[in-house]
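Structure first, then comments.
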Amino acid sequence: MAVELDEAGQVERIRGDRDHQWSRGSLCGKTASYADLIHSPDRLQVPLVRRAGELSPASWDEALAVIVEGLEGVQGEDILALNYAGNMGLVQRRFPMRLMHALGATGHDYGVCDAAAEAGYQSVNGRSVGPDLDEEAVPGRCDLFLLWGSDAKRTTPHLLPRLKALAAAGVPVYVIDIYRSETVEVVEAWGGRGLIVHPGSDGALALGLCMRAFDERAADLAFLKERCEGGAEFRAEVTGAWPLERVSRETGLGEEELKELSSALFAARSPLVKAGIGFARRRNGGENMRAVASFAATMGWSDRLFFQTGDHFGLDDTIISRPEIRSQPAPPSVSQVGLGRILASGRFRAAFVWGHNPAATLPDSLRVREGLAREDLFLVVHELFMTETAKLADVVLPATAVTEHSDVFRSYGHRTLQVGWKSSAPPGEQRSNVDCFAAIGRALGFVGDKGFPTDGSGPAFEVDEDVLVGELLAANRARFRDDEYHRAVAGEPVKLAPRTFEGEGTPSGKIELASAAVEAGGGSRVVGWTPDDGAGMRGTFRLVSAPSTATHNSTFMHVSRHRARLGEPRARVHPLDLESVGVLDGALLRISSEFGAVTVRAIADPALPRKMVRVDGFLNEDLVPEAVGINALVSPETSDLGGGNVLYSTRVELEAPKERA
């Protein structure tokens, strides 16, 4: 993005960078209004410390002294490092781990977002690189595009112009989803095709396509022999197991629809398949992704399957996090998804939170809040706003926005990297992650090499964030060509040249259709499929927490324009389902599970599948009688692979709210 400043040096406007090869000068509506977040009157301006049960303003020196006192006598393994992707830069996001390493803190497994999808994908393909969509998703280089489990209009809008151009050129574009999303609607308007499957049945569809490919001699047997491990074993497993009638029964697609899809896929010679992560946020999510990756391998398309681009960049950020300054081996990480239960058990005596709002974003969020509010847990939160988590803290430290610090950003969905140098000053006493956690480190006595296991470690907390950006780039100098490096330092968007790899990054060095590693971890050697069991929940209806058009993350819930765009909390339900529970269109609807409940406005949606309730994005908790968000309803159970979130396995009951006495 490009930042425009006024005469006083303050951010006036955020716009798309015309020189950025992927975004091409456009931004999604959420980021385009980021200046509202920067200038929000609700931003935290000064540190806050808890006195007599209430948070009150303090100086930085006072707040740091409270932190030092709060950690007195606390062992490293009893300190929880609790961060996530509120800040996406490599420097600001990773630097606080330097302090956590110095303290000997316990980390978590980062399971809440794409852990199951990544585990399933990488169990087959090893590395997450995929095709260059910017160059390949164009007429002449792509003769079919399959978007599987991704509402791109809301989550990856820069892909849409490419899909539109493909459709206009007569290239078949298919979208697979569990309801008629905005992406399905717009692609069909362009002449593409949407296919609506039963929730959690993506793996069954993929395996059915595999069997059909073998039966119709569409499978790439040479590819399976040369580049895959376990191809024959996989073929034997799926052959005969997935006839059309079974696939139709499990997925809800008609047999003619299945024949149409398979015929189009088998006729393609240079297709692209982009897999989202929605179908992996389930109890059977890892195997769903594993099945999709196995289908791509069956067709010889593994290099044409896109999941994410993390391994394209290959940047070593340990110079920022400095794990070598730990005096003891790191304790085993804990489950992020199951954190509520862990905190409820009484574990941990202190926690540091940055780039994360776990009280709102983690499953079983009521128990997470109770755990973070424990009297015997000392909680430090670094934040832009008074979030649900910050309200529970003993010390709240004000954070900078993205234009107010320097950082290095790599992409999740394309191949471009960019350095964002600080372009504006913070409005108050906000400090960046680097400046904040460096100050805490110095206050705790980590000065120079003091307290570290080896001499010559170098001062860990006498740092400058601009210098750290330079050090990160210099440490990875071999990853850049000369022109790429100089453009990166200048703050220009840089699309890094592809890396050269040896082997596939799996234990065997091949694409693994039979995985000894998965088997050793308690999974099946060859991918199978079982229906989503709902994480053992008892509800009649499937909850779908869909992407929002108004908010990227919970931070945006603290900006008035985004709250206004989001509006009153609503739930979409099929009219016959509303009738079955005695709730009228437009009336209040109580949605409940074993873990919590929310009351929102019901919207009758005849396009929604039966027995499904759809709630978009984060809820404005100020407008929810229970004063909680949608994650209060979600189970802390984990996915089949990767310890991932099972958000879309949530089962709920619907009813009219009971009248208050």
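Bear in mind the structure is a predicted one, so any value in this text is a computation, not a measurement.
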Expected output: side-chain [X] to main-chain [Y] donor-acceptor under 3.5 Å:
X	Y	value
Asn476	Arg479	no
Arg51	Pro57	yes
Asn631	Ser365	no
Arg281	Gly644	no
Glu404	Ala401	yes
Thr400	Gln430	no
Arg94	Asp317	no
His405	Trp421	no
His312	Leu496	yes
Arg43	Ile38	yes

Could you give me the CA-CA distance, side-chain angles and deciding distance for Leu90 and Arg410, then say whether side chain to side chain contact (heavy atoms under 4.5 Å, CB included) is met? CA-CA 8 Å; Leu90 294 177; Arg410 65 167 180 79; 4.2 Å; yes

Kindly determine whether Arg326 and Glu324 satisfy salt bridge (Lys or Arg N to Asp or Glu O under 4.0 Å), including the steps that lead there. CA-CA 5 Å; Arg326 279 188 179 267; Glu324 81 282 355; over 6 Å; no

[atom1] of [X] to [atom2] of [Y]: how many Å apart, nearest 0.5 Å?
X	Y	atom1	atom2	value
Leu384	Asp42	CG	CG	11.5 Å
Asn433	Arg93	CG	CZ	11.0 Å
Arg98	Ser321	CZ	OG	8.0 Å
Leu633	Asp364	CG	CG	10.5 Å
Cys436	Leu64	SG	CG	7.5 Å
Thr403	Leu5	OG1	CG	8.0 Å

Where do Leu468 and Ile320 land on the side chain to side chain contact (heavy atoms under 4.5 Å, CB included) test, with the steps shown first? CA-CA 7 Å; Leu468 287 174; Ile320 302 300; 4.2 Å; yes

Could you check whether any side-chain heavy atom of [X] comes within less than 4.5 Å of a side-chain heavy atom of [Y], counting everything from C-beta outward?
X	Y	result
Phe348	Ile342	yes
Leu55	Met386	yes
Val494	Tyr485	no
Tyr110	Asn83	yes
Leu103	Phe352	yes
Val91	Leu472	yes

Is the gap between the ring centers of Phe437 and Trp354 under 6.0 Å?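 Between Phe437 and Trp354, the centre distance is under 6.0 Å.
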
Between [X] and [Y], a side-chain donor and acceptor under 3.5 Å:
X	Y	value
Ser59	Asp61	no
Asn357	Glu388	yes
Gln10	Ser424	no

Minimum heavy-atom separation for [X] to [Y], with atom names?
X	Y	answer
Gly120	Met289	C-CG, 4.0 Å
Leu366	Phe595	CD1-O, 3.4 Å
Leu379	Leu372	CD2-O, 4.0 Å
Gly89	Asn87	N-OD1, 3.0 Å
Ala488	Phe480	CB-CE2, 4.1 Å
Pro363	Ser635	CB-O, 3.4 Å

Chi angles and distances behind the salt bridge (Lys or Arg N to Asp or Glu O under 4.0 Å) call for Arg127, Glu502: CA-CA 11 Å; Arg127 301 183 188 89; Glu502 185 172 334; over 6 Å; no

Describe, in one word, how the ring planes of [X] and [Y] are oriented to each other, choosing from parallel (under 30°), tilted (30 to 60°) and perpendicular (over 60°).
X	Y	result
Phe461	Phe95	perpendicular
His108	Tyr84	tilted
Tyr412	Phe307	perpendicular

Criterion side chain to side chain contact (heavy atoms under 4.5 Å, CB included) on Val112 and Thr361, from CA distance to verdict: CA-CA 9 Å; Val112 75; Thr361 61; 5.9 Å; no

Under 4.0 Å between a Lys/Arg side-chain N and an Asp/Glu carboxylate O for [X] and [Y]?
X	Y	value
Asp482	Arg477	yes
Glu484	Arg487	no
Glu621	Arg369	yes

Any chance you could lay out the side-chain hydrogen bond (donor to acceptor under 3.5 Å, both in side chains) test for Gln336 and His356, step after step, and finish with the verdict? CA-CA 11 Å; Gln336 185 186 24; His356 196 9; 3.2 Å; yes

Does atom CD of Gln45 have more than 12 heavy-atom neighbours, drawn from other residues, nucleotides or ligands, at distances under 6.0 Å?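 Yes, because the 6.0 Å sphere around CD of Gln45 holds more than 12 heavy atoms from other groups.
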
Between Glu512 and Ser123, is a side-chain hydrogen bond (donor to acceptor under 3.5 Å, both in side chains) present by the stated rule, with each step listed? CA-CA 7 Å; Glu512 293 195 350; Ser123 71; over 6 Å; no

Chi angles and distances behind the salt bridge (Lys or Arg N to Asp or Glu O under 4.0 Å) call for Arg290, Glu287: CA-CA 5 Å; Arg290 193 179 173 200; Glu287 290 291 85; 3.2 Å; yes

Given Gln328 and Glu77, is the side-chain hydrogen bond (donor to acceptor under 3.5 Å, both in side chains) satisfied, shown in steps? CA-CA 10 Å; Gln328 300 290 332; Glu77 64 182 16; over 6 Å; no

Checking Ser639 against Arg283 for the side chain to side chain contact (heavy atoms under 4.5 Å, CB included) test, could you report, in this order, the C-alpha distance in whole Å, the side-chain angles of both residues, the deciding distance, and whether it holds? CA-CA 4 Å; Ser639 57; Arg283 287 278 281 176; over 6 Å; no

Begin with the C-alpha distance, continue with both residues' side-chain angles, and end with the deciding distance and a verdict on salt bridge (Lys or Arg N to Asp or Glu O under 4.0 Å) for Arg341 and Glu637. CA-CA 10 Å; Arg341 289 192 290 208; Glu637 295 296 322; 3.0 Å; yes

Checking Ser333 against Asp109 for the side-chain hydrogen bond (donor to acceptor under 3.5 Å, both in side chains) test, could you report, in this order, the C-alpha distance in whole Å, the side-chain angles of both residues, the deciding distance, and whether it holds? CA-CA 6 Å; Ser333 61; Asp109 62 2; 5.7 Å; no

